[in-house]
Peer 1: 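This is the structure, below, for whatever I ask next.
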Amino acid sequence: MRGENLTLRGMRNLLPDEKAKLNRVESEIRRLFNIYGFQEIETPTIEPLELFELKSGEEIRHRMYRFTDLGGREVVLRPEATASVTKLVVQEMRSIPLPIKVGYILNAFRYDEPQYGRYREFKQGGFEIFGTKSPLADAEILEVSSRLMDGLGIRDYYIKIGHEGVLRAVLTYFGVEEIVQDRVLGLLDKERLTEAFEILAPLPKGLEAVELIKSLWEIKSRNATEALKRAEMILKDIPEAIEQLNNLREIIELAQASGVSKLVVDMGFARGLDYYTGMIFEVYAKDLRIAVNGGGRYDKLASLLGWDVPAVGCSPGIDRISLVMDEKVVPRDDLVCMIVSMVKEGDIIAAKLAGTLRMRGVPTLVDYTRRDVSKALSYASKRNVKYVALIGGREVEANTIALKNMETGNQEELKVEQVVEKLSSYILKKT
RNA sequence: GCCGCUGUAGCGUAACCAGGCAGCGCGGUGGCCUGUGGAGCCACUUGUCCGAGUUCGAAUCUCGGCAGCGGCCCCA
């Protein structure tokens, strides 16, 4: 065992700096739960296999951590959160007044090849709204996604937005079955147009469908109005598609009204998860080629689980956001005091002082080592401690404490109460 | 699943191309300097990813494995 790497491929040990960044993302997400009225919930890490066989999409399904438990059940480590959360709402929250707004921060597992920003265990936040088809809800999901980026100091990002309903309406109009639709949309998602068109072409009205989707695919623009106008021209003979397009237009207008400014309309955009039915989006940041957040409307998923209720939501990737966030928003360690007792007789005073300071909320370290003063100071300096309280023979004798300011190097002889007073007011000033 | 790059002490690195004593920094432990030199000095600590091959001799060259990182694909 010794010397072997005991961490599994794709798993991570999180060191203090990394963990601090993740915590900062999580606290921003929780702050938004509060401001937008999402109630936080948690679901089991291990779920029955059937739950994800419903509508998770081929790609995710064959990358699940899957095993038989000791009771002979086929189980999986959740590969994503939406299905679990939907199940929770369907099973446990039927008596709650609609709309239901739930939030979560959960880990998920996928047996992918690890690479930059992709791990086999990763953490997702989530915002989900159940019980309304109103475009206001869709827009609010976009709004909260946007605020999350802003709140973490990320300026360089955009939201790619499309509409699965438009594409599905077009395919339905040309008589394509739903199962075939899933496959075609899956291929569009992978930008494998040729293969998608090969499936469509042999169908009765296949060639027309290919033509139309091809021209929709070409609409990608930062100018939403212009993009929507072009789409309207293309879709004008398909009323169902126009209806979906109007839904998208409304969502975009509402989102823009609430301050979402970084939308890029992409009419050919599809997502790998089969359960999306309406507006869909992904958030991209900096030069990262991977999405840091994704979501959309999924009105049919809940009914598969026993309750026909519409839903819209998103899942920010906490690990990925931490890769692009501004490090300046991450709070640093803020140790205020380290107490060094140089002689045994000082230990009681040190313990008393430490206890009092901590009760007052002053972050305090006690040096246990009886090492050289210079080594203790060196440690304090590396831990970024603001003050060091020294208690040696002389201080015990005089009933004082030598308080050294590590930034200025100044040192003063103070009574215990004066030290407590000074450090308490120091932390008050900081906040 | 495919492709590329890289594996030297706990961590970061040198020596690799051009084979010949594995060195340095950080850290850790112990000691010295009589309490602030946020140090210094001394000692100790620990290593060539694994396996085969070539060679008098391999960290170094060759092959295979494994791992890490990154890319494709896809997603968070």
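Note: hydrogens, waters and symmetry copies are ignored here, and every other heavy atom, side chains too, is used. Small disclaimer: the values here were computed from a predicted structure and weren't measured. In what follows, chains carry the letters A, B, and so on, assigned in the order in which the sequence lines appear, proteins first and then strands, with residues in each chain numbered from 1.
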Peer 1: Report the residue (R9(A) or K123(A)) whose heavy-atom-nearest nucleotide on RNA chain B is the more 5′ of the two.
Peer 2: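 Closer to the 5' end of RNA chain B: R9(A).
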Peer 1: Tell me the interatomic distance from R63(A), atom CZ, to rC73(B), atom C1', rounded to whole angstroms.
Peer 2: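 Rounded to the whole Å, the gap is 8 Å.
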Peer 1: Expressed as a whole number of Å, how far does the P atom of rC61(B) sit from that of rC3(B)?
Peer 2: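 To the nearest whole Å, 23 Å.
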Peer 1: Using the C1' atoms only, state how far rU54(B) lies from rC63(B), rounded to an integer number of Å.
Peer 2: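 Per the computed distance, 11 Å lies between those C1' atoms.
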Peer 1: If we take the C1' atom in both rC11(B) and rG28(B), what is their distance in whole Å?
Peer 2: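 My reading of the C1' atoms in rC11(B) and rG28(B) gives 12 Å.
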Peer 1: Can you check whether K382(A) has a side-chain N or O nearer than 4.0 Å to OP1 or OP2 of rG27(B)?
Peer 2: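 Result: yes.
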Peer 1: Hey, are Y157(A) and S146(A) close enough side-chain-wise for a donor-acceptor pair under 3.5 Å?
Peer 2: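 Side chains of S146(A) and Y157(A): pair found under 3.5 Å.
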Peer 1: Base, sugar-phosphate alone, or nothing: which one does I290(A) contact when heavy atoms must sit under 4.0 Å apart?
Peer 2: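 Contact class for I290(A): base.
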Peer 1: Do F127(A) and C314(A) touch side chain to side chain, with heavy atoms closer than 4.5 Å?
Peer 2: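 Counting from C-beta outward, F127(A) and C314(A) do come under 4.5 Å.
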Peer 1: When you compare rG57(B) with rA67(B), how far apart are their P atoms, in angstrom units rounded to a whole number?
Peer 2: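 Those two atoms are separated by 32 Å.
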Peer 1: With respect to the side chain of E113(A), which nucleotide from rA76(B), rG38(B), rG1(B) is positioned closest?
Peer 2: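 The answer is rG1(B), which lies nearest to the side chain.
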Peer 1: Would I161(A) and D266(A) count as a side-chain contact (heavy atoms from CB on, under 4.5 Å) here? Give the steps.
Peer 2: CA-CA 6 Å; I161(A) 183 168; D266(A) 181 342; over 6 Å; no
Peer 1: With a 4.0 Å cut-off on heavy atoms, is Y116(A) in touch with a base, just the backbone sugar-phosphate, or nothing at all?
Peer 2: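 Sugar-phosphate only.
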Peer 1: Nearest-Å distance, CG (N13(A)) to P (rG10(B))?
Peer 2: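 From N13(A) CG to rG10(B) P: 16 Å.
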Peer 1: What is the distance from CZ of R371(A) to C1' of rG38(B), rounded to the nearest Å?
Peer 2: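 Taking CZ of R371(A) and C1' of rG38(B), I get 12 Å after rounding.
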Peer 1: Answer whether the closest heavy-atom distance between the side chains of R24(A) and V329(A) falls below 4.5 Å.
Peer 2: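 R24(A) reaches V329(A) side chain to side chain.
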Peer 1: Quick one: label Y379(A) by what it contacts on the DNA or RNA (base, sugar-phosphate, nothing), any heavy atom closer than 4.0 Å.
Peer 2: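 Y379(A): no heavy atom of the nucleic acid under 4.0 Å.
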Peer 1: Using a 4.0 Å heavy-atom cut-off, does S315(A) contact any base of the nucleic acid, only the sugar-phosphate backbone, or nothing at all?
Peer 2: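 The answer is sugar-phosphate, as S315(A) gets under 4.0 Å only of primed atoms, P, OP1 or OP2.
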Peer 1: Donor-acceptor pair, K21(A) side chain versus S322(A) backbone, under 3.5 Å?
Peer 2: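 At least one qualifying donor-acceptor pair exists.
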Peer 1: Given the C1' atoms of rU8(B) and rA59(B), what is the spacing between them in whole Å?
Peer 2: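 To the nearest whole Å, 7 Å.
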Peer 1: Phosphate oxygens OP1/OP2 of rA76(B): is one of them under 4.0 Å from a side-chain N or O of R118(A)?
Peer 2: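 Checking rA76(B) against R118(A), no side-chain N or O comes under 4.0 Å of OP1 or OP2.
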Peer 1: Provide the Watson-Crick or G-U wobble partner of rG70(B), both distances under 3.5 Å; none if there is no partner.
Peer 2: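 When the pairing criteria are applied, rC3(B) turns out to be the nucleotide that pairs with rG70(B).
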Peer 1: Would you classify G117(A) as touching base, sugar-phosphate or nothing, given that sugar-phosphate means primed atoms plus P, OP1 and OP2, and contacts are heavy atoms under 4.0 Å?
Peer 2: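 Contact class for G117(A): base.
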Peer 1: Need one value for V388(A): base, sugar-phosphate or nothing, where a base atom within 4.0 Å counts as base even if backbone is also close, heavy atoms only.
Peer 2: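 Result for V388(A) = nothing.
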Peer 1: Who is the Watson-Crick or G-U wobble partner of rC44(B), with both distances under 3.5 Å?
Peer 2: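 Result: rG28(B).
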Peer 1: Which residue, T43(A), I318(A), T45(A), forms the side-chain contact (heavy atoms from CB on, under 4.5 Å) with L106(A)?
Peer 2: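 Considering T43(A), I318(A), T45(A), a side-chain contact (heavy atoms from CB on, under 4.5 Å) with L106(A) is found only for T43(A).
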Peer 1: If you define the side chain from C-beta out and look only at heavy atoms, does anything of R371(A) sit under 4.5 Å from V340(A)?
Peer 2: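 The answer is no; the side chains never approach within 4.5 Å.
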Peer 1: In whole Å, what is the span from the CD atom of E195(A) to the C1' atom of rC73(B)?
Peer 2: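 So the two atoms are 11 Å apart, to the nearest Å.
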Peer 1: Whole angstroms only, please: what is the OH-P distance between Y119(A) and rG68(B)?
Peer 2: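 After rounding, the reported distance stands at 13 Å.
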Peer 1: Would you list the protein and nucleotides 29-35 of chain B atom pairs, both N or O, that sit under 3.5 Å from each other?
Peer 2:
unit_1, atom_1, unit_2, atom_2, d
rC33(B), N4, D372(A), OD2, 2.6
rG35(B), O6, G393(A), N, 2.8
rG35(B), O6, R394(A), N, 2.7
rG35(B), N1, E395(A), OE1, 2.8
rG35(B), N1, E395(A), OE2, 3.4
rG35(B), N2, E395(A), OE2, 2.8

Peer 1: Identify the nucleotide, in any strand shown, that forms a Watson-Crick or G-U wobble pair with rA22(B), with both distances under 3.5 Å; if there is none, say none.
Peer 2: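 Base-paired to nothing in any strand shown.
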Peer 1: Does R289(A) put a side-chain nitrogen or oxygen below 4.0 Å from OP1 or OP2 of rC72(B)?
Peer 2: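 For rC72(B), OP1/OP2 do have a side-chain N/O of R289(A) under 4.0 Å.
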Peer 1: Report the base-pairing partner of rG35(B) (Watson-Crick or G-U wobble, both distances below 3.5 angstrom), or none.
Peer 2: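 Pairing partner: none.
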Peer 1: Quick one: Y387(A) OH to rU36(B) C1', roughly how many Å, whole number?
Peer 2: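 Checked: the OH to C1' distance equals 17 Å.
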Peer 1: So what's rU62(B) paired with, Watson-Crick or G-U wobble, going by both distances under 3.5 Å?
Peer 2: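 Paired with rA52(B).
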Peer 1: Sticking with atom C1', work out how far rG4(B) lies from rU46(B), rounded to a whole angstrom.
Peer 2: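 My reading of the C1' atoms in rG4(B) and rU46(B) gives 33 Å.
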Peer 1: Between rC2(B), rG38(B), rA76(B), spot the one nearest the side chain of S378(A), thanks.
Peer 2: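 Nearest to the side-chain atoms of S378(A), counting from C-beta on, is rG38(B).
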Peer 1: Would one find a side-chain N or O of Q115(A) under 4.0 angstrom from OP1 or OP2 of rG70(B)?
Peer 2: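 No, no such contact exists.
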Peer 1: In whole angstrom, give me the gap between the C1' atoms of rG38(B) and rG70(B).
Peer 2: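 Between the two C1' atoms, the distance is 40 Å.
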Peer 1: Before you tell me yes or no, could you show the steps for E74(A) and T68(A) under side-chain hydrogen bond (donor to acceptor under 3.5 Å, both in side chains), namely the whole-Å CA-CA distance, both residues' side-chain angles and the distance that decides it to 0.1 Å?
Peer 2: CA-CA 5 Å; E74(A) 285 292 311; T68(A) 309; 2.8 Å; yes
Peer 1: To the nearest Å, give me how far apart CG (L403(A)) and P (rU36(B)) are.
Peer 2: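 Taking CG of L403(A) and P of rU36(B), I get 17 Å after rounding.
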Peer 1: Tell me the interatomic distance from L323(A), atom CG, to rG70(B), atom C1', rounded to whole angstroms.
Peer 2: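 Taking CG of L323(A) and C1' of rG70(B), I get 13 Å after rounding.
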Peer 1: Ring centroid separation for Y387(A) and Y426(A), is it under 6.0 angstrom?
Peer 2: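 Centroid distance Y387(A)-Y426(A): below 6.0 Å, so yes.
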Peer 1: For rA14(B), give the paired nucleotide (Watson-Crick: N1-N3 plus N6-O4 or O6-N4; G-U: N1-O2 and O6-N3; both under 3.5 Å), or none.
Peer 2: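 Check on rA14(B): unpaired, no WC or wobble geometry under 3.5 Å.
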Peer 1: Taking the C1' atom in each of rG19(B) and rC2(B), what is the distance between them to the nearest angstrom?
Peer 2: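 The answer is 35 Å between these two C1' atoms.
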Peer 1: Quick check: on RNA chain B, is the nucleotide nearest N405(A) upstream (toward 5') of the one nearest G317(A), or the reverse? Name the residue that is more 5'.
Peer 2: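 Upstream on the strand: N405(A).
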Peer 1: Kindly indicate, with the supporting measurements, whether the criterion side-chain contact (heavy atoms from CB on, under 4.5 Å) is fulfilled by L301(A) and Y276(A).
Peer 2: CA-CA 8 Å; L301(A) 181 61; Y276(A) 289 110; over 6 Å; no
Peer 1: Among rA76(B), rC72(B), rU36(B), which is the nearest nucleotide to the side chain of K404(A)?
Peer 2: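 Side chain of K404(A) sits closest to rU36(B).
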